Amino acid sequence: MNDAPQYRYDFQAIESKWQNHWREHRTFACANPTGNADQTKPKFYVLDMFPYPSGVGLHVGHPLGYIATDIVARYKRMTGHNVLHPMGFDAFGLPAEQFAVEHGVHPAVTTQKNIDNMKRQLQLLGLSYDWDREISTTDVDYYRWTQWIFLQLFNSYFDPVGKKAAPISELMKQLESGERVVGPDGELMSVAASGGMDAISGTPVGGRKWYELTPAQQSQLLGEYRLAYLAEVPVNWCPALGTVLANEEVTNEGRSERGNHPVFKRPLKQWMLRITAYAERLIADLDRVDWPESTKQMQRNWIGRSEGARVDFALWRGQLIAPAAPGEDDETIDDETITVFTTRPDTLFGATYMVLAPEHELVRDITTPEQRSAVETYIAQAAARSDVDRQADGKTKTGVFTGAYAINPVNDQKIPIWIADYVLMGYGTGAIMAVPAHDERDHAFAQTFGLPIVQVITPPGADGGPHDLSHTAYTDAGVNVNSHNDEISLDGLPTPEAKNKITRWLEEKGIGKGQVQYKLRDWLFSRQRYWGEPFPILHGPNGEIVAVEESELPVKLPEMADFRPEASNDPDAPPRPPLGRAPGSWRIVEKDGVKYERELNTMPQWAGSCWYYLRFCDPRNNEAFVDADVERYWMNPTGRGQLIAPAGNPQSAIAQSPMGVDLYVGGVEHAVLHLLYARFWHKVLFDLGHVSGAEPFGRLFNQGYIQAAAYTDARGMYVPADKIEERDQKFFFEGNQVNREFGKMGKSLKNAISPDDMCKEYGADTLRLYEMYMGPLDQSKPWNTRDIIGIHRFLQRIWRNFVNDQTGELRVSDAPADEAQSRLMHKTIAAVTDDMERLSFNTAIAELIKWNNELVSLEKLPREVAETMVKLLGPLAPHLAEELWARLGRTDSVAYQPWPAADLRKLVEDTIELPVQVTGKLRGRITVPVDADEERIVAAAKQDANVAAHLEGRTIRKVIVVKGKMVNIVAS
RNA sequence: GGCCCAGUGGCGGAAUCGGCAGACGCAGGGGACUUAAAAUCCCCUUCUCCGAAAGGGGAGUGUGGGUUCGAGUCCCACCUGGGCCACCA
């Protein structure tokens, strides 16, 4: 027999009713500020990192951030903001293509299916997105503009004078007029800066003036400066997948993340984006955004700025230089120097040998005949080893002597030149001066090969005495010794001054220069895949690279039945992008009687996510990627209504940020790449005048992960967590005991929990509240289904406070709240509002639970109390709030009700309880009038029996009264 | 190895600016209601000592020091766990 109350909290009926209502009424559609739209409201743009629509759908870890942003969006609507809260899908990429290959379905089909499923799951959670603005990076109307932005990059160069992107056409004009020249190292200089150098001396192509170059040469020269360019670079080539892979798509074992196929480093001609030109600004502008300090630090580390100097070492010519091998250029190396980068030019006197990367171009030229075979063997070995192998060796150093020597410019010492794989071709100049006394790696290498170690730095305060360098290098700053020649002495100088002095000397002598070096490399931007954005680029018969006209965009992906990448077992096989098999009608474009072939690579998955936040502002615009006025509105502070925050809360977490998206929430896994790439694109668009601010995301918040118990069997394999039985704190799978551990929820640990199941069993409001109640948003915390019941009880208790579950009657009266109830209400409003501003939803919920527990004892809720409860609940549990709002007789949506304001006067009490300490230990509590003066407070404190007992026989040394907080009587 | 973050009851966590440690929830214990169970409601619940109780004492926020009238909070060193980078000259 089922005698459950007839009018109990029926979350399923409530939630589907209101989800349908919101959808049908487009409750959360938000207007752009055009025409007659209401511009009196301040705007607020709150954004999630949009998901990749995977086939398995969401688990309960995914919506953590979405729930948080939804609460913020709903709260901001109630505080009178025009809120932009969109959602879309980052749907290009390898997984969809792989799935499609495996199941023989077109990726467009599976992608759409996955999007539909994910959207259904999101709507089940009652998230208040403006679905009118939904976009997918795979929509032609979207990637058309991704291609357009690529053309902006292709048609721009980085002007080193203005330190910003500018149209390449301007550079062309300046080169034509001779106003600007190309310096000896390829640097762009204005004529003034070059000291009157004319275009002849500056032009690197055959030493000819710009106007003497053929069009192909001119085009090649411009290519050296474009922000998007083709270059032969070492890439991660995976022949089995038939594509290059980004570093992060390669496992620590040097295999592909998907499929576990071997990956090889090899040089290939690829599209690159010149992000390195922006290194300085990408670091500097981090100071202008409100991001977690750790995320900023990760970006700074990734960009890796170091200050130091370039130093030229002359080759020692007292020996025969190896003659060029047959067929090679017989280059004279008489004038050759080896240039190194060092952050410690102050240790130059301690440089006892040099090391070149095995791939360094000079290695072949300088190697002596006796050493040639050893060197070539080593080079071959190094090439065969993956980066991972190199690292696996840790500190053991390998290398080979080339037989050649260089001259240390400060002391004319003849020092040997080695090659070793601990020197990387990709950083600095690919060559180093080795100072084994003061660099750990050089020290280890010198120890291994018996090279001399010369101390030139002493630790501060070490009196210049010899320092034990037999086991380890001294790498910190100190004071120079043994560092002088006829012209310069660094002896006695502390490290920073020594650096400055030697750098100046090197510059005067013309053999060195102060330099800033970055770890950041240019961005490898092409993939040999089908499921990505085609490049809007054409290749002419003579190797010309021509941009597709803007008017001819989009370049649509061709329909293809077979879109598989061409796999191979041969690491030397050339890449064959799937688009190479596209029909000729797509591949070949005829213009002015010339046949061009389309670029066959596609863009990486990062491309679409680099600018989607801009498209959300104006997603259906066919004239521009975003309307300029609309962009200015959403991406800039309005200056109006900075925030609706309680007084006395200056450090509001969601105050409007200086520029860009007001709040961007996502996982810390995107701390570097996505956020760096998007910032780079945004800066280019800013430089070219297409957007109004220098940074895309004013405030960033990284939510934590949801972890869950995972179980491994005797073989260490994960077993499904939902099939585990627990007995006596031991865990069993199919009768066998298994181990429990905790890890990030997901498919690989077989511990995913579906939000669909939770919504079905407890409801979306319960799931939302539970996820927020688990702990601080930015912390990782373990999922525990058992704990959900507490939140569910809370919502049921709210329901019963409003509705008599036997009769269905509303338990609300029109009587006013008494003083105690009123005070409690305003206290809760103040606390919850403060928590909302700080994104501290766990404590906001705790406040509401506490308040609601107090209301249980009331016969009926005063209407004011009831309405306030519903409003405070609105952002957190929106379905229940809408239902109760309707039952209170309201016909409008609670989503746009004004947020309750705490009346501070109502919080004032007549008396206050103060803790009393004696010498720092709590001994009693007193109740005094709130305006009592110090004298009266102290007198009351001394009268407390327990306090008096502890003061008995002691002398009072000091009395500290902190108004409204506590009293401390110090006695001895 | 470098940089960053975190350690608080049986568990998740609270304490926002240096001022009553453990809010709120789970689990656990006791009680009410019920034929019974579920649900619901009430009470207890950091450890420990004295006390029949009221109450009171001591210890306590990873460890050891320091600053302070007062430290979970600030400083120094260390331990443990997590994240990112990792031969970047």
Side-chain angles (χ1 to χ4, degrees), chain A residues 2-5 8 292-298 300-302 304 306 308 340-344 347 355 387 390-391 393-397 420-424 426-435 439-442 444-445 517-521 649-651 653 668-669 671-672 705 707 770 773-776 778-784 786-791 793-794 796-797 800 805 831 834-835 837-838 840 842-850 853 856-857 913-925 945-946 949 957-960 962 964-971:
Chain A
N2 183 5
D3 55 356
R8 71 190 190 286
E293 196 47 46
S294 59
T295 303
K296 289 188 186 184
Q297 201 51 48
M298 279 165 70
R300 289 191 196 104
N301 290 344
W302 188 263
S306 9
V340 303
F341 172 74
T342 177
T343 54
R344 293 296 299 273
T347 63
V355 187
D387 284 2
R390 288 191 184 189
Q391 285 167 23
D393 288 351
K395 292 277 176 273
T396 45
K397 295 284 184 287
D421 64 5
Y422 83 92
V423 174
L424 309 174
Y427 182 75
T429 62
I432 62 158
M433 64 177 211
V435 184
D439 181 280
E440 287 296 352
R441 297 148 302 179
D442 298 345
F445 191 82
Q517 188 68 46
Y518 299 95
K519 280 195 243 179
L520 186 69
R521 315 285 161 83
N649 179 32
Q651 67 248 27
V668 72
E669 69 271 20
V672 176
Y705 294 122
Q707 299 166 319
Y770 172 64
Y773 191 63
M774 289 170 73
D778 56 354
Q779 261 173 42
S780 292
K781 51 238 155 180
W783 177 270
N784 196 344
R786 188 183 68 183
D787 290 351
I788 289 186
I789 191 69
I791 286 294
R793 282 179 194 147
F794 163 56
Q796 286 177 320
R797 198 145 50 223
R800 282 195 306 272
D805 61 0
D834 189 36
D835 289 339
E837 293 290 336
R838 294 187 299 121
S840 180
N842 53 334
T843 52
I845 294 165
E847 288 298 327
L848 290 176
I849 293 174
K850 209 159 41 162
N853 287 346
V856 168
S857 59
E913 195 187 65
L914 291 180
V916 181
Q917 297 178 347
V918 176
T919 321
K921 284 201 185 295
L922 181 70
R923 297 300 180 189
R925 290 185 176 83
N946 198 37
R957 299 279 173 212
K958 198 173 177 184
V959 177
I960 292 146
V962 184
K965 291 277 190 190
M966 48 79 67
V967 182
N968 189 7
I969 302 173
V970 185

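What's counted below: heavy atoms across the whole structure, side chains too, no hydrogens, waters or symmetry copies. Quick note on labels: first sequence line is chain A, next is B, and so on, each numbered from 1. Treat the numbers as computed from the prediction; the structure is a model and nothing was measured.
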Selected nucleotide, minimal atom distance to A:R793 side chain, candidates B:rC26, B:rC3, B:rC87: B:rC26

Euclidean distance, atom OH of residue A:Y422 to atom C1' of B:rC87 [Å, nearest integer]: 9 Å

A:Q707 CD to B:rA6 C1', straight-line distance once rounded to whole Å: 12 Å

Syn/anti state for B:rC17 [syn: chi within 90° of 0]: syn

Complement of B:rA32, any strand, by Watson-Crick or G-U distances under 3.5 angstrom: B:rU40

Nearest-nucleotide 5' precedence on RNA chain B, A:M298 against A:D439: A:M298

Whole-angstrom distance between B:rG83 and B:rU63, as gauged at atom C1': 23 Å

Between P of B:rC87 and CD1 of A:I432, the distance in whole Å: 14 Å

Nearest to side-chain heavy atoms of A:I849, which nucleotide of B:rG19, B:rC24, B:rC20: B:rC24

Value in whole Å for how far the C1' atom of B:rA86 lies from CG of A:L424: 11 Å

Min side-chain heavy-atom separation A:M433-A:T347 under 4.5 Å: yes

Among B:rC3, B:rC87, B:rC20, the one nearest A:R925 by side-chain distance: B:rC20

Rounded C1' spacing from B:rU73 to B:rA21 in Å: 11 Å

Base partner of B:rC85, which must satisfy Watson-Crick or wobble distances under 3.5 Å: B:rG1

Residues which pass side-chain contact (heavy atoms from CB on, under 4.5 Å) with A:R521, listed by chain and number, not counting sequence neighbours: A:Y427

Distance flag, aromatic centroids of A:W783 and A:Y770, threshold under 6.0 Å: yes

Spacing between A:R797 atom CZ and B:rC24 atom P, to the nearest angstrom: 12 Å

Sugar-phosphate or base contact per nucleotide [nucleotides 10-15 of chain B; S, B, -; heavy atom under 4.0 Å]: --BSS-

Presence of donor-acceptor pair under 3.5 Å, side chain of A:R300 and base of B:rC3: no

Any side-chain heavy-atom pair of A:I432 and A:F341 under 4.5 Å: no

Sugar-phosphate only, base, or nothing, as touched by A:V970 at under 4.0 Å among non-hydrogen atoms: sugar-phosphate

Non-neighbouring partners of A:A971 that pass side-chain contact (heavy atoms from CB on, under 4.5 Å), sequence neighbours left out: A:T919, A:L951, A:R954

Syn or anti conformation of B:rG9, syn meaning chi within 90° of 0: syn

Touch class at under 4.0 angstrom, heavy-atom based, for A:R957 against every strand present: nothing

Short side-chain N/O contact to B:rC24 OP1/OP2 from A:K850, under 4.0 Å: no

Whole-Å C1' distance, B:rU61 and B:rG18: 15 Å

Any residue meeting side chain to side chain donor-acceptor pair (under 3.5 Å) with A:E293, in chain and number order, not counting sequence neighbours: A:R300

Same-atom distance (P) from B:rA77 to B:rC24, integer angstrom: 39 Å

Sugar-phosphate only, base, or nothing, as touched by A:K519 at under 4.0 Å among non-hydrogen atoms: base

Rounded distance in Å - NZ (A:K965) to C1' (B:rU16): 10 Å

Atom-to-atom span, CD1 of A:I969 to C1' of B:rC20 - whole angstrom: 15 Å

Position toward the 5' end of RNA chain B (nearest nucleotide), A:G790 or A:V967: A:V967

Interatomic distance at P, B:rC5 relative to B:rC11, whole Å: 26 Å

Sugar-phosphate only, base, or nothing, as touched by A:Q297 at under 4.0 Å among non-hydrogen atoms: sugar-phosphate

B:rA6 pairs with, by Watson-Crick or G-U criteria that keep both distances under 3.5 Å: B:rU80

Closest approach of A:R923 to A:N946 (non-hydrogen atoms, all atoms of both residues): O-ND2, 2.7 Å

Polar side-chain contact A:K397-B:rC87 base: donor and acceptor under 3.5 Å: yes

Residue-phosphate contact under 4.0 Å: A:N853 side-chain N/O, B:rG25 OP1/OP2: yes

Results of salt bridge (charged side-chain N to carboxylate O under 4.0 Å, His left out) for A:D787 - residues two or more places apart only: none

Side chains of A:P776 and A:N842 in contact at under 4.5 Å (non-hydrogen atoms): yes

List, with names and distances, any nitrogen or oxygen atoms from the protein found under 3.5 Å away from nitrogen or oxygen atoms belonging to nucleotides 53-57 of chain B.
unit_1: B:rG57; atom_1: OP1; unit_2: A:R923; atom_2: NH1; d: 3.1
unit_1: B:rG57; atom_1: OP1; unit_2: A:N946; atom_2: ND2; d: 3.4
unit_1: B:rG57; atom_1: OP1; unit_2: A:H950; atom_2: NE2; d: 3.2

Close side-chain approach of A:N853 and A:R797, heavy atoms under 4.5 Å: yes

d(CH2, A:W302; C1', B:rA86) in whole Å: 11 Å

Pairwise P distance for B:rC17 and B:rG72, with rounding to whole Å: 16 Å

Pairwise distance CZ(A:R793) to CD1(A:I849) - rounded to 0.5 angstrom: 11.5 Å

A:K397 to A:F445 six-membered ring, cation-pi geometry met (6.0 Å, 45°): no

C1' gap between B:rG65 and B:rG9, integer Å: 26 Å

Watson-Crick or G-U counterpart of B:rG18, or none if no pair lies under 3.5 Å: none

Interatomic distance at P, B:rG60 relative to B:rA71, whole Å: 11 Å

Atom pair CD1/NZ of A:I969 and A:K921 - distance to nearest 0.5 Å: 15.5 Å

